[in-house]
Amino acid sequence: MRQSLQNQGQFLARQERWGELSETLLQADSAQNQWPGSANRAEDLAFGARADVVFAVEHALNEQSQAENEFPENKVLTSGVMALEALRKEHADDPYLTAVIALAHIDIAWLWRSSMGAVQASEGALRRAAAHFDRASTLLLPLQEKQKNSPFLSAAICALYAGRSSDTMQVADAYAELIDLSPFNYRHMRALGLQMLPRANGSYAALELEARRTAARTQEHWGAGGYTWTYFDAIAADEQACARVDPQYFLDGIEDILCTDPSQEMINLLTAYCTVTLQAGLGQSAPADKTRLEIAKTARWLARNHLHELHPLIWAHAAKGFDNNARVSSLSRFAAHGKAQGLETLASIFREEIASGHRISFSEKGFDLMSV
């Protein structure tokens, strides 16, 4: 479904059917708070609409010589986004198209920030990233009044916080409003958690406070899951956050998440997170390791009681720490790596049965033991 929505957004942009794209975004935006499956439709459409521009810049940056940390002028780096800017002149009063253009600037800013890979980003790359963030801010800030009833526009404005330093309470309140508008969209809660880390715009105390506040506000939709979603990426990225989280509350949240969304996509996401993403940081902090190992135990329950199918891309992203800036040169190889990671994890969970001479077969009814 997501790929279909992205393809639809990309098609409408390529055909320059901007009015239809805006109307489609409006309809998807209006449905975001109705059921879990509707939560990301507007974001997926918008991603498809700007994909050609963003991917062209990504490809150009990958092709640039990084030997001397220099980026020669390349029209591809600017031509696509300038074409979108020209489009805005014809649709200056359309908030949805303006947001799509601003999001393209934000995506490109992140590409510039990560353009040096493992090497520290050059001053020129950081300057270009800042320029794109500034332009996105200029486009989005006038939409603040219009975003009060729009999860899509509100999310676009919140995306600016990842590129700048802001007051902790300002960021927390902005995300609180967004989450209230679209409580089924757990991406927003995950983003809030990352923004509440000390390395971003928060503190460990603020992270705990906002996780509990979010759980309270979204209890009708997620039970204790709001606490889990807010800590989801934060404890994978920060040892202190992992050591401080309430593991029992976090695990209660996982169970409640499945009550809201028992889909196989969710089962794969949670199982891969517990066994792959969280375990990548083992050995760095004893208190954090204790939490990681306690949370990892739930993977056995997830796989044995709920898993019916394997989603390779989810496992591949889990191995990358769900890093949106991770470069994927080959989608097929990326998926193959995810499949291997998933099968290796399942082999570990079912090692006793396998050692006793059984094969594990999965179906819509769960797993079956088959004699070899």
Side-chain angles (χ1 to χ4, degrees), residues 2-3 5-26 28-29 40-64 71 73-115 125-144 146-147 150-164 187 191 323-328:
R2 288 181 177 174
Q3 189 60 57
L5 288 165
Q6 291 176 14
N7 290 343
Q8 182 183 6
Q10 187 177 49
F11 173 79
L12 292 174
R14 287 177 174 178
Q15 298 298 314
E16 299 185 5
R17 291 157 61 171
W18 305 116
E20 186 175 345
L21 173 63
S22 178
E23 181 62 28
T24 305
L25 283 168
L26 172 60
D29 192 26
N40 301 312
R41 291 188 175 188
E43 285 85 349
D44 290 331
L45 283 163
F47 179 81
R50 65 186 189 272
D52 285 341
V53 171
V54 174
F55 288 159
V57 173
E58 181 179 28
H59 180 74
L61 288 176
N62 288 342
E63 292 296 312
Q64 298 282 17
F71 290 88
E73 289 299 325
N74 185 331
K75 289 184 178 180
V76 176
L77 297 175
T78 58
S79 60
V81 75
M82 292 308 295
L84 290 179
E85 289 281 3
L87 150 73
R88 182 178 172 274
K89 293 180 180 180
E90 303 174 12
H91 303 271
D93 296 328
D94 191 314
Y96 285 95
L97 297 182
T98 298
V100 169
I101 299 166
L103 289 169
H105 278 288
I106 292 174
D107 289 342
I108 294 170
W110 283 114
L111 289 175
W112 275 108
R113 280 196 175 186
S114 61
S115 60
L126 292 176
R127 187 169 57 251
R128 295 199 186 198
H132 281 288
F133 272 122
D134 288 344
R135 179 55 183 162
S137 178
T138 300
L139 291 171
L140 288 172
L141 291 184
L143 303 181
Q144 286 185 318
K146 296 181 180 180
Q147 59 89 24
S150 167
F152 174 70
L153 298 178
S154 183
I157 292 173
C158 284
L160 292 171
Y161 291 121
R164 61 179 59 194
R187 292 182 188 175
D323 180 8
N324 290 332
N325 294 316
R327 291 179 178 174
V328 179

Excluding sequence neighbours, so at least two apart, what forms side chain to side chain contact (heavy atoms under 4.5 Å, CB included) with Val57? Leu61, Leu77, Ile108, Leu111
So, taking the atom named CD in Glu43 and the one named CD in Gln6, what distance separates them when rounded to the nearest 0.5 Å? 11.0 Å
Report the C-alpha separation of Glu58 and Asn62 in whole Å, then their side-chain angles, then the decisive distance to 0.1 Å, and conclude whether the side chain to side chain donor-acceptor pair (under 3.5 Å) test is met. CA-CA 6 Å; Glu58 181 179 28; Asn62 288 342; 4.7 Å; no
Could you work out, with side chain to side chain contact (heavy atoms under 4.5 Å, CB included) as the rule, every residue matching Ser137, not counting sequence neighbours? Leu141, Leu160, Arg164
Any residue meeting side chain to side chain donor-acceptor pair (under 3.5 Å) with His105, in chain and number order, not counting sequence neighbours: Glu85, His132
Can you sort out the partners of Glu90 under side chain to side chain contact (heavy atoms under 4.5 Å, CB included), two or more places apart, ordered by chain and number? none
Heavy atoms only: give me the nearest Leu153-Ala99 pair and the separation to one decimal. CD2-CB, 3.6 Å
How far does CG of Leu87 sit from CD1 of Ile101, to the nearest 0.5 angstrom? 4.5 Å
Which heavy-atom pair separates Leu140 from Ala156 by the least distance, and what is that distance? CD1-O, 3.3 Å
With sequence neighbours excluded, tell me which residues meet side chain to side chain donor-acceptor pair (under 3.5 Å) with Thr24. none
With rounding to the nearest 0.5 angstrom, report the CZ to CG distance, Arg113 to Leu126. 7.5 Å
Please list, chain by chain and in numerical order, all residues satisfying side chain to side chain donor-acceptor pair (under 3.5 Å) with Thr98, sequence neighbours excluded. none
With heavy-atom distances below 4.5 Å as the criterion, would you say the side chains of Trp112 and Arg127 are in contact? no
If you compare all heavy atoms of Tyr96 against all heavy atoms of Leu26, which two are closest, and at what distance to 0.1 Å? OH-CD1, 3.4 Å
Can you name the salt bridge (Lys or Arg N to Asp or Glu O under 4.0 Å) partners of Glu23, sequence neighbours left out? none
On a heavy-atom basis, which atom in Val100 and which in Ala46 lie closest, and how many Å separate them? CG2-CB, 4.1 Å
Applying salt bridge (Lys or Arg N to Asp or Glu O under 4.0 Å) to Asp44 and not counting sequence neighbours gives Arg187
Provide the closest heavy-atom pair for Ala136 versus Ile106 in the form atom of the first, atom of the second, distance. CB-CG1, 3.6 Å
CG-CG distance between Asp134 and Leu139, expressed to the nearest 0.5 angstrom: 11.0 Å
Interatomic distance, CG@Leu12 vs CD@Glu20, rounded to 0.5 Å, equals 5.0 Å
Locate the shortest heavy-atom distance separating Leu25 from Ala42; write the atom from each residue and the value. CD2-O, 3.4 Å
Which residues pass the salt bridge (Lys or Arg N to Asp or Glu O under 4.0 Å) test with Arg88, not counting sequence neighbours? none
Residues pairing under salt bridge (Lys or Arg N to Asp or Glu O under 4.0 Å) where one sits in residues 6-15, two or more places apart or in two chains, turn out to be Arg14-Asp52
How far does CZ of Phe133 sit from OG1 of Thr138, to the nearest 0.5 angstrom? 13.0 Å
For Glu16, what residues pass the side chain to side chain contact (heavy atoms under 4.5 Å, CB included) criterion, not counting sequence neighbours? Trp18
Please tell me if the side chains of Val54 and Trp110 come closer than 4.5 Å, counting only heavy atoms from C-beta onward. no
